[in-house]
Every structure is written in C-alpha cells, then in structure tokens.
Student: 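I'd like to ask you about the structure that follows.
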Amino acid sequence: MAQTVTLIPGDGIGPDLTDSVKEVIGALDVGIEWEIAEAGEAVMDREGTPLPESVLESIRRNKVAIKGPLTTPVGTGFRSVNVALRKELDLYANIRPSLSLPGIETPHENIDLIIYRENTEDLYAGVEHMVGKHAAESIKIITREGTERICRMAFERSKEQGRKHITVIHKANIMKFTDGLFRDVFFEVSKDYENDFEEIDDRIVDNMAMQLVTKPNLYDVLVCPNLYGDILSDLCAGLTGGLGVAPGANIGEEIAVFEPVHGSAPKYAGQNRANPLATLLSAKEMLIHLGQSEAADRMQTGIEAALKNPETRTKDLGGSAGTKEFTQAIISNL
Ligand code: NAD
C-alpha cells in the first residue's frame, strides 16, 4: 500500500539533500509518495511566515515527514523554525544515532552510540528577556512530565534494541533543581528496567564531553536534557565523520519528523557539493519507522559500498564525488 510522506526541502543545501533522498527511495521502490511542503526563508518572503499552517497540516495528516535543514538568522529575525516545528507537533524526543561507517577515517573505531535528547524544554524553550538595559535572563524549564516521557522512551526503545548501558547526562552539582529533577526522574523510571540493563548510571556533562572524546566505546545510550543533547550530539557526529554523516529523528506520540543533525550550510547551496549522507541515513531511520526494514538494510548496503570507494565519497569525507555522483553510486549498489 502506498504511504504518503511529507517532504520539506528546506533552505540552503536542503533541496540538494532531499533530491538525493527522493532518488534513492525511488530506486528502492517501496511505494512512498511525497507530499512536498515548503517552509523556511523562501516561504517567509512569500507568505510572511517561515512555517505556514499548511505545512503543519500536511505533517499531522501523514504522521511522517522528512525535512532538509532550515536557516535561523542569528540574533534577529524569525525564531527557529525547527524549534517551532518540534513544539507545535510536540515532538518531544530527538533521537540521534552515531555509528562508525566503512571508509571514513576517525580516531576511534566501532562507535555505536545513541542520544535521546529531550526536545521541548530546557533553555532551548527560548524563554528569555532583557532585565533593564544591561542584563538578560533566560529561564531554564525542566518538568517531571517532560523528563519522564523522554526517559521512558529511551528505556523502552533501548530495551527493544537489546542495548545494555544507559546513562543520564546532567549538571546537577550546580543546577540542583532543574538538572537534579531530570536526573532523579531518570532513576525513578529506571526502576522498571533494572533487569534489562547491565549498567544504569549518570555523568556530569563536562566530564561526559571529555570521556566521549577519549573513550567513547565505554558508552551506549545517553539520555540528555535539550541543550546538552544538542551539544553532545554534534560531538558524537564528529566521532563518526562529522556533521555530513549524522542522522536524526524527532518523535512524538503519533508523529515522526526525520532530519539530519546539521544545518543549511548556505555556502554550499546548489553547488552539488553537500554530503547527502546524514539526510539519507535519516531516511533509512524513517524506513525502519514505516516497517520497511528490508529496504532500510538495502539502503545501508548501498551506502556502505559507495563509501568504501574514495572516488564515490563526497569531499568532506576525503573523496571527489559531488552530491549527485555519490547518490548514483548508492543507487547502483542497492
Ligand atoms: P551547518 O551545519 O549548516 O554547517 C556547519 C559546517 O558543516 C559548515 O562548515 C558546513 O559547510 C558543514 N556542513 C554541514 N552539513 C554539511 C553537509 N551535508 N555536507 C558538507 N558539509 C556540511 O551549521 P551552521 O553554519 O551553524 O548553520 C547554518 C544554518 O543552519 C543556521 O541558520 C542554523 O540555524 C541552521 N541549522 C538548522 C538546523 C535544522 O534545520 N535542524 C540544524 C542546525 C543548524
């Protein structure tokens, strides 16, 4: 049966990346039909908002979407469309796997980490204001409900996937109330899963950053409040080859939106230069979500074969191929 998926091409390199997804998924012939929904800078000029209601309606109707990155101007301009999308659709979990890939030289081998980042609260909620003219205040919000649902999802999915070590990340030594609540709720939820994991522990975020650089193989599943999850997942992207290879998924009760970890890299827009791998790996996660695991495996095989040959790798991975050539190499190896 055909499945309709909302596709947001996005800004900057976004359209190059989603074109690659359309081609590879088309070649897999899995009966996915795309409903294109425009958001971001171009729409802002035309419709006065970067996130028209029609985009949200399309995602609510189809329940599944894949998106290219959307630009957020620093300091002024519209608030982050990505953050707005996650809030509007209550996509409370941001799941970011980091897996070593063949042909990519990195300081550590056999990385297999997954970050569950809380996606709606924390300093990322952007509740901030000026206090008079010379001070600014940002309010960090952590709730029991928000923490419990991300922790439960992390435990449930990690148990299903047979993962054995789960770690909560915090700075509760300093932020005793907010991060203290996040850590406490994690350990409360963990009581239901004590027999499913070999290690259930916690790390302070600064120590975690150092350990991820020096001994990442000691870790497995990391559960983070929003801001630490954002920063550590870019660190983990660096462990497996950089932002060009890091996929992600935003998951709510009913809706899932898949997207790469990286941004819109405007300097490479339309130049056949961007690495589509992070978006393709996000599409692979989407296929698994849609129950198309066999197609997801075929896609992974095609990607690994294309990566093994330096001539078909993109420039950020030391190769010489453009977005299109890498895409064609994957298709010919499916
Ligand atoms: P960026 O991820 O766009 O770029 C960081 C660096 O990585 C740049 O050197 C870029 O050239 C490189 N890079 C990123 N993706 C690449 C790819 N696929 N192939 C090759 N090289 C790649 O981060 P930035 O410059 O901080 O942000 C640019 C814009 O993207 C900002 O407006 C930011 O707000 C937005 N952004 C959006 C998302 C999202 O849509 N979820 C996420 C992060 C940033």
Side-chain angles (χ1 to χ4, degrees), residues 86 91-100 106-124 142 146-175 178-190 192-194 196-243 245-251 259-262 278 281-282 285:
R86 292 168 196 167
L91 303 171
Y92 64 86
N94 192 299
I95 307 178
R96 295 179 164 184
S98 297
L99 194 64
S100 293
T106 51
H108 302 278
E109 287 175 0
N110 304 320
I111 303 284
D112 184 4
L113 286 161
I114 185 158
I115 290 187
Y116 286 83
R117 163 186 171 193
E118 199 290 320
N119 219 11
T120 60
E121 304 190 335
D122 198 358
L123 287 167
Y124 239 84
I142 302 280
T147 306
E148 194 171 333
R149 60 185 185 170
I150 181 73
C151 291
R152 196 152 299 277
M153 183 189 283
F155 275 105
E156 276 298 319
R157 289 185 173 229
S158 304
K159 177 181 158 182
E160 260 171 43
Q161 292 169 358
R163 290 183 176 262
K164 291 292 168 214
H165 180 188
I166 184 163
T167 306
V168 64
I169 313 302
H170 60 86
K171 185 88 187 171
N173 50 330
I174 304 297
M175 276 159 280
T178 48
D179 282 8
L181 180 64
F182 195 89
R183 184 197 54 192
D184 290 350
V185 171
F186 170 87
F187 283 113
E188 281 167 36
V189 173
S190 78
D192 294 338
Y193 301 91
E194 272 166 356
D196 303 309
F197 292 84
E198 285 162 15
E199 284 177 272
I200 299 175
D201 54 14
D202 70 309
R203 291 288 179 276
I204 293 177
V205 61
D206 40 347
N207 175 23
M208 188 73 249
M210 185 272 292
Q211 292 202 36
L212 282 172
V213 172
T214 53
K215 38 192 172 180
N217 298 100
L218 291 186
Y219 293 90
D220 186 358
V221 180
L222 310 179
V223 184
C224 307
N226 207 338
L227 185 61
Y228 308 147
D230 182 44
I231 297 166
L232 291 183
S233 55
D234 270 30
L235 190 161
C236 289
L239 290 174
T240 51
L243 283 173
V245 310
N250 300 289
I251 312 274
E259 63 172 341
V261 168
H262 63 71
L281 290 171
S282 307
E285 296 295 322

Student: Any heavy-atom pair between the side chains of Asn226 and Arg86 that's under 4.5 Å?
Tutor: no

Student: Okay, side chain of His108, backbone of Val213: is any donor-acceptor separation there less than 3.5 Å?
Tutor: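 The answer is yes, because a donor-acceptor pair under 3.5 Å joins these two groups.
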
Student: Among Asp179, Asn207, Leu222, which one satisfies side-chain contact (heavy atoms from CB on, under 4.5 Å) with Ile169?
Tutor: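 The single option meeting the side-chain contact (heavy atoms from CB on, under 4.5 Å) with Ile169 is Leu222.
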
Student: Give the intermediate values and the outcome of side-chain contact (heavy atoms from CB on, under 4.5 Å) for residues Ile166 and Glu199.
Tutor: CA-CA 6 Å; Ile166 184 163; Glu199 284 177 272; over 6 Å; no

Student: Got Lys171 and Tyr228 here, is their nearest side-chain heavy-atom distance under 4.5 Å?
Tutor: yes

Student: Minimum heavy-atom separation for Arg96 to Gly229, with atom names?
Tutor: NH1-O, 4.5 Å

Student: Is the Phe197 ring parallel, tilted or perpendicular to the Phe155 ring (thresholds 30°, 60°)?
Tutor: perpendicular

Student: Relative to Tyr124, does Arg117 satisfy both conditions: NZ or CZ under 6.0 angstrom from the six-membered ring centre, and within 45 degrees of the ring's axis?
Tutor: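 Judged by the rule (NZ or CZ under 6.0 Å from the ring centre, within 45° of its axis), Arg117 counts as positioned above Tyr124.
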
Student: State, to 0.1 Å, how close Asp230 and Ser233 come at their nearest heavy-atom pair, and which atoms those are.
Tutor: O-OG, 3.1 Å

Student: Thr106 and Gly241: which non-hydrogen atoms are nearest, and at how many Å?
Tutor: CG2-N, 3.7 Å

Student: Could you tell me whether a side-chain N or O of Asn94 sits under 3.5 Å from a main-chain N or O of Asn119, the two making a donor and an acceptor?
Tutor: no

Student: Under the 3.5 angstrom rule, does the side chain of Asp196 hit a backbone N or O of Glu156 as a donor-acceptor pair?
Tutor: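 Checking the backbone N and O of Glu156 against the side chain of Asp196, no donor-acceptor pair under 3.5 Å is found.
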
Student: Heavy atoms, side chains only, cut-off 4.5 Å: are Leu243 and Val261 in contact?
Tutor: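 Heavy-atom side-chain distance check passes, below 4.5 Å.
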
Student: Take Tyr116 and Arg157 through the side chain to side chain donor-acceptor pair (under 3.5 Å) test and state the conclusion after the steps.
Tutor: CA-CA 10 Å; Tyr116 286 83; Arg157 289 185 173 229; 5.1 Å; no

Student: Regarding His170 and Asp202, do their side chains bring together a donor and an acceptor under 3.5 Å, going by distance alone?
Tutor: yes

Student: Do you know the tightest heavy-atom contact between Thr167 and Tyr219?
Tutor: OG1-CD2, 3.8 Å

Student: How close do Asp201 and His165 get, counting heavy atoms only, and between which atoms?
Tutor: OD2-NE2, 2.9 Å

Student: I need the Glu118 CD to Met153 CE distance, nearest 0.5 Å.
Tutor: 10.5 Å

Student: Does a donor on one side chain sit under 3.5 Å from an acceptor on the other, for Asn110 and Ser100?
Tutor: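 Short answer, no.
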
Student: If you measure only the distance, is there a donor-acceptor pair under 3.5 Å linking the side chains of Tyr92 and Glu121?
Tutor: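 The criterion, which ignores hydrogens and geometry beyond distance, is not satisfied for Glu121 and Tyr92.
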
Student: Within the distance-only criterion (no hydrogens, no angle test), does the side chain of Asp220 pair as donor or acceptor with the backbone N or O of Arg163 below 3.5 angstrom?
Tutor: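 It does not hold such a pair.
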
Student: Is the shortest side-chain heavy-atom distance between Ile95 and Ile114 below 4.5 Å?
Tutor: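 Answer yes - side chains close enough.
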
Student: Does a side-chain heavy-atom distance below 4.5 Å link Ile200 with Phe187?
Tutor: yes

